[in-house]
Amino acid sequence: MAANADQGRGAASVQLLKGQKALVTGANSGIGLATAVALGRAGADVVVNYVAGADEAQDVVRRIEGFGVRAYAHEADVSDEDQVAAMVARMVEEFGTIDIMVANAGLQRDAALTEMTLAQWQKVIDVNLTGQFPCAREAAKEFVRRGVVEEVSRSAGKIICMSSVHQIIPWAGHVNHASSKGGVAMLMQTLAQELAPQRIRVNAVAPGAIRTPINRDAWSTPEAEADLLRLIPYRRVGDPEDIANAVVAVASDLLDHVAGATLYADGGMTLSPGFATGG
Ligand code: BGC
């Protein structure tokens, strides 16, 4: 029997998130898409947020529905707090509540410092960093209102911030992106500290180089890929599913004692690979 692509490589067949309600921002492509599908496969009902690309979002919804769970697409710009509040309010209406917020939406507007416009700086900060704030806030309000429901999960809710290895690795030519991810690290840790007493777990997943449209230039030719692999000790460019599986794990009760942590899913990119052959 041909393997169903949606079964997910390496994904446990056990439904770790059965009955939970998840929202993924930027879920119509790349890491967000794979994450939304993986959450559905793990048994969660899923809201597929997008800001552009309604058709792709509908495809994701259909794939998730294939697992026998509920899903719908919702257009909203994460950097607009009213749109985020309306999105979470609709979710509470349609699904009854929210258990998992994956603040994933992110983008790049690359330029050398001397060429970078304030608009390029601001756009990246607005989406990658500021955008995670209302998502976390609106989810946390509902988590606090509802509290722990033991049959569903040991925690009152999970917030998972999509970060990057660039929360700790400086990245020349990308000061806006690296600064946004450095900010995400502190946003995550501070919220984790603030919300843990209410049994809310806030954590981050930090991908390295993953094969998605955002970095196509870095892996789409054999030369580029060979160059990129020098930065990855594990010598494999990541797939979106690698990150999606990390998110499922962090969201699940298997990791219920993990709060304020960053899970690097980067093939060792943060291990100073340049030093592997001597400093
Ligand atoms: C960037 C990708 C890059 C990766 C590793 C991410 O934050 O969005 O373009 O491949 O970091 O450098």
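As the structure lists them, so they are numbered: ligands from 1, and atoms in each ligand from 1. Only a predicted model underlies this, so the values are computations on that prediction, with no experimental measurement involved.
- Shortest contact from atom 2 (C) of ligand 1 to any protein heavy atom: Q108 OE1, 3.3 Å.
- Although no hydrogens or angles enter the test, the distance criterion places a donor-acceptor pair under 3.5 Å between the side chain of R146 and the main chain of I98.
- Here the protein heavy atom with the shortest distance to atom 3 (C) of ligand 1 is W171 CH2, 3.8 Å.
- The closest approach between a heavy atom of G208 and any atom of ligand 1 is below 4.0 Å.
- For ligand 1 and S164, the ligand atoms under 4.0 Å from any heavy atom of the residue are 6 (C), 7 (O), 11 (O).
- Of the N and O atoms on the side chains of S153 and D253, at least one donor lies less than 3.5 Å from an acceptor on the other residue.
- Annotation: atom 12 (O) of ligand 1 to nearest protein heavy atom, H166 NE2, 2.7 Å.
- Under the 30°/60° scheme for interplanar angles, the aromatic rings of W171 and H177 are found to stand perpendicular.
- The atoms of ligand 1 that sit less than 4.0 Å from any heavy atom of N215 are 9 (O), 10 (O).
- A donor and an acceptor atom, one from each side chain of S29 and E56, are nowhere located under 3.5 Å apart.
- A donor-acceptor contact under 3.5 angstrom links the side chains of Q167 and Y264, judged on distance only.
- In this structure, H177 is part of the shell of residues with a heavy atom less than 4.0 angstrom from ligand 1.
- Within the model, atoms CE of M162 and CD1 of I31 stand 5.5 Å from one another, a figure rounded to the nearest 0.5 Å.
- At a 3.5 angstrom cut-off on N or O pairs, K181 does not count as close to ligand 1.
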